[in-house]
Amino acid sequence: MGFHLCSQAFHSTPTPTHNQFLHSISRGFVRTRVSNLRAMQQEEEPKHLGKVRVPHVLTVAGSDSGAGAGIQADLKACSARGVYCSTVITAVTAQNTVGVQGVNVVAEDFVREQLKSVLSDMHPDVVKTGMLPSPGIIKVLCQSLKEFQVRVASVDNTNFVKEALVVDPVMVSTSGDVLAGPLILASFREELLPMADIVTPNLREASALLDGAPLQTVGDMRSAAKSIHDIGPRNVLVKGGDLPESSDAVDVLFDGKEFYEFRSTRIITSNTHGTGCTLASSIAAELARGSSVLSAVKIAKRYVGSALDYSKDILIGGGRQGPFDHLMKLKHNALPCMRRPFDPSDLLMYAVTDSRMNKRWGRSMSDAVKAAIEGGATIVQLREKDTDTGDFLEAAKTCLEICRRHNVPLLINDRIDIALACDADGVHIGQSDMPARVARTILGPDKIIGISCKTPQQAEKAWIDGADYIGCGGVYPTNTKENNITVGLDGLKTVCLESKLPVVAIGGIGISNVRAVMELGVPSLKGVAVVSALFDRECVLTESRNLLRAIMDSTKAVK
């Protein structure tokens with residue numbers, strides 16, 4: 001218990017060639033997209049023209065009050081994979097990290113009503129099942145799928161699913177809790193499994209489906225997958241996360257002709273509650289997006305492994321099996337120096353690094369950043385044009401730790417990839433870089449985005465595109481940017497008066513002229529960004545303190 005897969009690879013017997021595999025993927029995507037477009041043309045009224053139909057999974061499962069498994073895990077997994085998820089609840093459970101304390105089965109008629117509501121209107125691409133606690137509910141589900149003509153088991157000769165049924169036969173949880181009795185076994189075998197495109201039992205569930213056959217080896221898993229396939233599902237994935245005689249996490253997929261083994265390093269963690277639900281929902285999500293069964297399993301395994309690895313040391317609850325973080329964000333929000341919302345006052349003394357200057361003075365990027373912050377820098381931007389990507393990323397991670405300890409935001413100049421990889425607080429981009437609205441789409445709603453502007457029109461566009469602040473300049477000539485057109489104090493003031501965003505002045509600013517900049521006295525001007533004035537000096541700490549003092553004195557003079 002408590003182990004799962006990571007860094008998974010798969011092996012098949014035999015293995016299709018790479019070109020064949022890619023060709024089948026491309027054919028499947030084209031076929032799926034054409035099918036969707038035709039469906040939209042035939043079925044949708046004129047009021048829907050111009051709208052985009054999104055991939056949609058319907059999950060039919062039980063509710064988990066602890067939110068680690070069941071409906072809650074399905075919703076989170078589909079959201080993480082970029083797929084819409086609707087729900088039909090079959091049971092309400094009282095459970096936590098300790099175990100299951102109670103199960104309240106939903107009446108069959110109400111399960112039927114839920115199914116009718118979704119299937120008659122929303123037309124999901126894939127139906128995924130979890131906890132089905134009674135033979136009656138299984139019968140209701142099968143009848144509803146037939147009544148509303150959900151085309152299950154409709155796979156073409158490239159093994160691409162157009163509409164699919166993914167069955168996760170939830171009978172015994174990973175922690176060993178019995179969630180459904182043996183009476184439903186016959187209903188699974190006789191009614192549901194023959195309709196399924198893929199069924200995903202764990203070792204205990206596979207054994208139960210085969211009347212208690214022991215599963216101790218990979219060979220046993222292969223035999224079980226073939227025997228379950230004989231019942232009727234098109235594909236069988238036997239999950240071997242708890243296989244006792246394997247040092248790896250091994251899972252076996254059988255499509256009726258070939259076996260595929262997915263091997264990975266075990267992740268040692270007790271935070272595995274909901275892995276089965278999440279894996280099945282992730283497979284359903286990938287099928288809804290147009291993937292083949294093989295590709296869907298591979299991507300879903302990779303996703304679950306990544307989420308488990310990220311979550312291996314989080315603490316939720318005091319029981320023996322905790323949940324994991326599907327969106328891989330919780331740890332960032334639980335750090336001692338939790339990221340705070342952007343405050344325009346952060347722009348007061350904005351330190352921008354330069355690799356050439358650091359090299360000239362024989363100091364590392366992190367040493368320079370540390371000294372600037374200790375001298376009073378209120379925000380830091382890493383602007384490193386001559387540093388290799390790998391070195392830049394490692395240095396950025398070190399600088400981020402320093403900034404977080406001092407509660408100072410860290411931004412990356414231009415390099416959104418670096419910002420994402422090190423989880424920086426945001427980016428600063430120029431007019432010739434990626435548009436701010438695109439950067440916002442990539443980075444999400446919480447990251448800081450700054451953009452360089454020289455005109456009121458550019459400042460207005462930055463506001464519309466979702467930037468948080470603008471950097472206006474160069475105010476004075478500077479050696480850090482070649483051919484940089486200066487705007488002067490008048491241009492800076494014009495932009496500040498028109499800007500709906502806070503403004504930081506940049507370009508050639510230092511001790512000698514910072515007073516003239518800050519005494520413009522326009523409310524949107526919140527500070528100055530400096531490069532040479534801090535980093536092209538022998539002592540960054542001293543220069544930072546002196547500059548901050550000058551800025552503060554100028555600010556007081558304006559007030």
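Computed over heavy atoms, backbone and side chain alike; hydrogens, waters and symmetry mates excluded.
Expressed to the nearest 0.5 Å, how far CZ of Phe324 lies from OG1 of Thr269 amounts to 10.0 Å. Note: Asp414 CG to Leu382 CG = 12.0 Å, rounded to the nearest 0.5 Å. Note that CG of Asp388 is 12.5 Å distant from CD of Glu394, once rounded to the nearest 0.5 Å. Between Leu75 atom CG and Thr59 atom OG1 the span is 7.5 Å, to the nearest 0.5 Å. Ser282 OG to Leu287 CG: the interatomic distance, rounded to the nearest 0.5 Å, is 11.0 Å. Rounding to the nearest 0.5 Å gives a distance of 9.0 Å between CD of Gln431 and CG of Asp433.
When atom types are taken as modelled, the side chain of Arg537 and the backbone of Ser532 share a donor-acceptor pair closer than 3.5 angstrom. The backbone N or O of Glu519 lies less than 3.5 Å from no partner atom in the side chain of Ser554, so there is not a single donor-acceptor pair. In this structure a side-chain-to-backbone donor-acceptor pair under 3.5 Å is present from Arg266 to Asp248. Panel note: side chain Asp468, backbone Gly450; no donor-acceptor pair is recorded below 3.5 Å.
Under the salt bridge (Lys or Arg N to Asp or Glu O under 4.0 Å) criterion, Arg549 pairs with no residue, sequence neighbours left out. In this structure, the salt bridge (Lys or Arg N to Asp or Glu O under 4.0 Å) partners of Asp313, at least two apart in sequence or on a different chain, are Lys331.
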Exercise for review: Starting from the C-alpha separation in whole Å, work towards a yes-or-no answer on side-chain contact (heavy atoms from CB on, under 4.5 Å) for Ser544 and Glu374.
Suggested key: CA-CA 8 Å; Ser544 298; Glu374 290 176 349; over 6 Å; no

Practice item. Apply side-chain contact (heavy atoms from CB on, under 4.5 Å) to the pair Val83 and Val54, showing each step before the final yes or no. Key: CA-CA 7 Å; Val83 171; Val54 299; over 6 Å; no

**Study point:** Trace of the salt bridge (Lys or Arg N to Asp or Glu O under 4.0 Å) decision for Arg404 with Glu401
**Key:** CA-CA 5 Å; Arg404 291 277 164 85; Glu401 292 177 4; over 6 Å; no

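Of all heavy-atom pairs between Ala372 and Val540, the closest is N-CG1, 3.7 Å. Nearest heavy-atom pair across Gly508 and Thr478 is N-CB, 3.8 Å. A pairwise comparison of heavy atoms in Ala296 and Ile283 identifies CB-O, 3.8 Å as the closest pair. Residue Ser499 comes nearest to Ile470 through the heavy atom pair OG-CD1, 3.7 Å, listed as atom of the first residue, atom of the second, then distance. The heavy-atom pair separating Gly375 from Leu541 by the smallest distance is N-CD1, 3.5 Å. Val352 and Arg383 get closest at one heavy-atom pair: CG1-CB, 3.6 Å.
Looking only at atom types and distance, the side chain of Thr272 has a donor-acceptor partner in the side chain of Gln321 under 3.5 Å away. A donor-acceptor pair shorter than 3.5 Å cannot be found between the side chains of Ser311 and Asp325.
Contact check on Lys329 versus Asp423 returns no salt bridge, with no Lys/Arg side-chain nitrogen under 4.0 Å from an Asp/Glu carboxylate oxygen. A salt bridge is defined here as a Lys NZ or Arg NE, NH1 or NH2 lying under 4.0 Å from an Asp or Glu carboxylate O, and Lys298 with Asp251 fails to meet this definition. Between Lys239 and Asp168 there is a salt bridge, since at least one side-chain N of the basic residue sits less than 4.0 Å from a carboxylate O of the acidic one.
Residue Lys359 places its NZ atom among 12 or fewer non-hydrogen atoms of other residues, nucleotides or ligands, all under 6.0 Å distant. Within a 6.0 Å radius of NZ in Lys454, other residues, nucleotides and ligands contribute more than 12 heavy atoms. Remark: Trp463 CH2 is loosely packed, at most 12 non-hydrogen atoms of other residues, nucleotides or ligands lying under 6.0 Å away.
Using cut-offs of 30° and 60° on the angle between ring planes, the pair Tyr303 and His326 is tilted.
Every pair passing salt bridge (charged side-chain N to carboxylate O under 4.0 Å, His left out) that includes a residue from residues 71-86 is listed here, sequence neighbours excluded: Asp74-Lys128, Arg81-Glu286.
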